[in-house]
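Input: a single structure, listed below in structure tokens.
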Amino acid sequence: MGLCWWTIEVVVLATLFSSLLLVRADEHDHKYTDKEEVVLWMNTVGPYHNRQETYKYFSLPFCVGTKKTISHYHETLGEALQGVELEFSGLDIKFKEEVMQTTYCDIELDKPKRDAFVYAIKNHYWYQMYIDDLPIWGIVGEADENGEDYYLWTYKKLEIGQNGNRIVDVNLTSEGKVKLVPNTRIPMSYSVKWKKSDVKFEDRFDKYLDPSFFQHRIHWFSIFNSFMMVIFLVGLVSMILMRTLRKDYARYSKEEEMDDMDRDLGDEYGWKQVHGDVFRPSSHPLIFSSLIGSGCQIFSVSLIVIILAMIEDLYTERGSMLSTAIFVYAATSPVNGYFGGSLYAKQGGRRWIKQMFIGAFLIPAMVCGTAFFINFIAIYYHASRAIPFGTMVAVCCICFFVILPLNLVGTILGRNLSGQPNFPCRVNAVPRPIPEKKWFMEPAVIVCLGGILPFGSIFIEMYFIFTSFWAYKIYYVYGFMMLVLVILCIVTVCVTIVCTYFLLNAEDYRWQWTSFLSAASTAVYVYMYSFYYYFFKTKMYGLFQTSFYFGYMAVFSTALGIMCGAVGYMGTSAFVRKIYTNVKID
């Protein structure tokens, strides 16, 4: 029975991962012979200002060419989730064979069809096509200056560059402007011109990149500015803490030499006084350990995906970035189980199975819940972003048959390898009362202020990331992103260590949640910035695009906050353990 179960598990794993990594299995290998068929795929159409509000190309009353239809299926999970809807254009295109202007179909323009085209032109609809995985964009039509008459572009003029037996460049020119008049026939035509090109196949996506935007002086200056902030902050933290801690150690050593009466009469204060409570389990340890485990996994996924993106040009394949992220997230599930399970065991938790389930499904439930809500709106709009039922089943299978078992393995390893509470100080049976302190030393104030510096180190990069996702830019400078991730982690750890030191010096031992939330508050500032970006940097409109934007920005900000919180806690935990190891405790 056990062997049968593991056989099924292996089959499911192999099937799911192959569906994630499968690339161009039903098409060619980008090499052609003379007069071999070249397929022109029609993808989606939608308003220019709402990048995610897309519909099937033939949802507008365009006509199809006469060539036999070729079906297309979603080759990767990323394609399906990103709303890629490839449909065959019906145009007859052959490698190196030129086509003069040829009519491929006629549109019988009745009033409903005209109204559909007029609505599309009013909302600046444009469409996307693919030839040999190279994207092409074209606009549906345009209005006259008075906005009374509307015109449809009816002639697709394709110019394809070839280098040897490969396609390296595609350009589209829209011509043939025809006025939309009801009860008329509009002929749709195309032409194909081939030309030799010196562009190498490996460099054919370079034309879609925008170095002047991503490598602007402001981008370099922001990285330099953040780097200088790190040097300053690390130096400041090191100087203050080292000098202060040295004085603290000297004072505590002097107290050790006093007799009991002098020590009782002395002015006792500072972080040493809470040594019996500083390693007390946090409140709600089950949720806390699940958040820490999830944050460590998100950090691992971010690091690995950025490294893969630096090595491989993931932007050249449709949906490859999302597919890679899903695969890496599933594969790093043991990280979640290990850190969450070990922390829960150290804090004396006994319901480890419940903790494992919460840790495994915390992030997937948040993402899937948001996607499920937005999916209802997408279905109502008949948008291509509506997630197919089969894709939902595939995601659920990944959660139950991949993420959960791997999380279980990590939890068992974490509990057995590093689940022992080997704290440098004993925990008192009775909690020490927390004395009153100034308002700015309260945990709530520390939490609110803790995210300002980490956000300040990344907000310029947030602009470039937002623009690449919500506008029409391809993000490719992953070296910048790696630097920003490193800077963010260093700044976060430095800030949380300082916050925790002040908190402990005020004899408040509730540092676990404070260190986590003070770092996680970065997410609040990122989400607030997303409001500014929406209203002042974009021209998005409509229920679908607005809900899509703010829904997924909430997911992004929450995931970023959980990651920062986990990084801050791990750094602060090492600091707390270090200072209490080096001081003599009675």
Side-chain angles (χ1 to χ4, degrees), residues 218-245 291-307 309-310 332 335 339 343 446-465 477-504 511-526 529 556-579:
I218 293 177
H219 203 172
W220 284 102
F221 178 75
S222 70
I223 296 293
F224 178 76
N225 187 44
S226 300
F227 186 69
M228 295 305 295
M229 181 195 295
V230 166
I231 295 176
F232 173 75
L233 196 58
V234 170
L236 186 66
V237 169
S238 302
M239 183 179 68
I240 292 175
L241 291 186
M242 290 306 103
R243 288 184 62 186
T244 307
L245 286 173
L291 286 169
I292 296 300
S294 299
C296 292
Q297 184 182 8
I298 294 171
F299 175 75
S300 303
V301 172
S302 303
L303 189 65
I304 294 171
V305 170
I306 291 173
I307 291 173
M310 290 170 64
T332 54
V335 175
F339 286 99
L343 179 60
I446 292 174
V447 165
C448 292
L449 299 178
I452 294 177
L453 280 178
F455 172 71
S457 67
I458 64 169
F459 86 97
I460 295 292
E461 194 64 26
M462 287 295 103
Y463 170 75
F464 289 100
I465 293 173
V477 284
Y478 289 97
F480 280 124
M481 188 180 286
M482 175 62 79
L483 282 174
V484 169
L485 180 63
V486 172
I487 289 170
L488 173 64
C489 293
I490 295 173
V491 172
T492 300
V493 170
C494 289
V495 169
T496 51
I497 286 176
V498 172
C499 292
T500 300
Y501 175 78
F502 288 139
L503 190 72
L504 294 177
W511 65 274
Q512 291 101 329
W513 274 107
T514 304
S515 64
F516 177 85
L517 292 175
S518 62
S521 64
T522 306
V524 177
Y525 295 101
V526 170
Y529 176 72
F556 172 78
S557 301
T558 305
L560 179 68
I562 293 173
M563 183 191 78
C564 290
V567 170
Y569 169 79
M570 298 298 284
T572 305
S573 178
F575 167 76
V576 171
R577 180 178 290 272
K578 182 70 174 175
I579 65 173

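For residues 511-524, the side chain to side chain donor-acceptor pair (under 3.5 Å) pairs, not counting sequence neighbours, are Ser283-Trp513.
At a threshold of 4.5 Å between non-hydrogen side-chain atoms, the residues Val301 and Met563 do not count as touching. With contacts defined as side-chain heavy-atom distances shorter than 4.5 Å, the pair Trp220/Phe480 qualifies. Side-chain contact between Val526 and Phe556 is present, with heavy atoms from C-beta onward closer than 4.5 Å. Using a 4.5 Å heavy-atom threshold, the side chains of Val491 and Ile458 count as separate.
Considering only residues two or more places apart in sequence or on other chains, Met482 meets the side chain to side chain contact (heavy atoms under 4.5 Å, CB included) condition with Leu303, Ile306, Ile307, Met310, Val486. Every side chain to side chain contact (heavy atoms under 4.5 Å, CB included) that Val335 has, sequence neighbours left out, goes to Cys296, Ser300, Thr332, Phe339. The side chain to side chain contact (heavy atoms under 4.5 Å, CB included) test applied to Ile465 returns Glu461, Met462, Tyr475, Met481, not counting sequence neighbours.
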Please tabulate, for the side chains in residues 570-578, all donor-acceptor contacts under 3.5 angstrom to protein atoms that are two or more places apart in sequence or on a different chain.
residue : atom : partner : partner atom : Å
Thr572  : OG1  : Thr496  : OG1          : 3.1
Thr572  : OG1  : Gly568  : O            : 2.7
Arg577  : NH1  : Asn422  : O            : 2.8

Would you list the atom pairs, donor with acceptor, under 3.5 Å between side chains in residues 223-233 and any protein atom, with sequence neighbours excluded?
residue : atom : partner : partner atom : Å
Ser226  : OG   : Ser222  : O            : 2.9
Ser226  : OG   : Ser457  : O            : 2.9

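Gly450 and Val495 make their closest contact through O-CG1, 3.4 Å (heavy atoms, listed as atom of the first residue, atom of the second, distance). Residues Val234 and Cys494 come closest through the heavy atom pair CG2-SG, 3.7 Å.
Distance check: Ser557 OG to Ile562 CD1 gives 11.0 Å after rounding to the nearest 0.5 Å. Rounded to the nearest 0.5 angstrom, Phe455 CZ and Leu560 CG are separated by 10.5 Å. How far CD1 of Ile490 is from CG of Leu485: 10.0 Å, rounded to the nearest 0.5 Å. Here the CD1 atom belonging to Ile292 is positioned 5.5 Å from the CZ atom belonging to Phe516, to the nearest 0.5 angstrom.
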Exercise for the section: Apply side chain to side chain contact (heavy atoms under 4.5 Å, CB included) to the pair Tyr569 and Leu291, showing each step before the final yes or no. Expected result: CA-CA 11 Å; Tyr569 169 79; Leu291 286 169; over 6 Å; no
Exercise for the section: Tell me, with the steps shown, if Leu449 and Ile452 meet side chain to side chain contact (heavy atoms under 4.5 Å, CB included). Expected result: CA-CA 6 Å; Leu449 299 178; Ile452 294 177; 4.0 Å; yes
Exercise for the section: Evaluate the side chain to side chain contact (heavy atoms under 4.5 Å, CB included) criterion for residues Cys564 and Phe299: first the C-alpha distance (whole Å), next the side-chain angles of each, then the deciding distance (0.1 Å), finally the verdict. Expected result: CA-CA 8 Å; Cys564 290; Phe299 175 75; over 6 Å; no
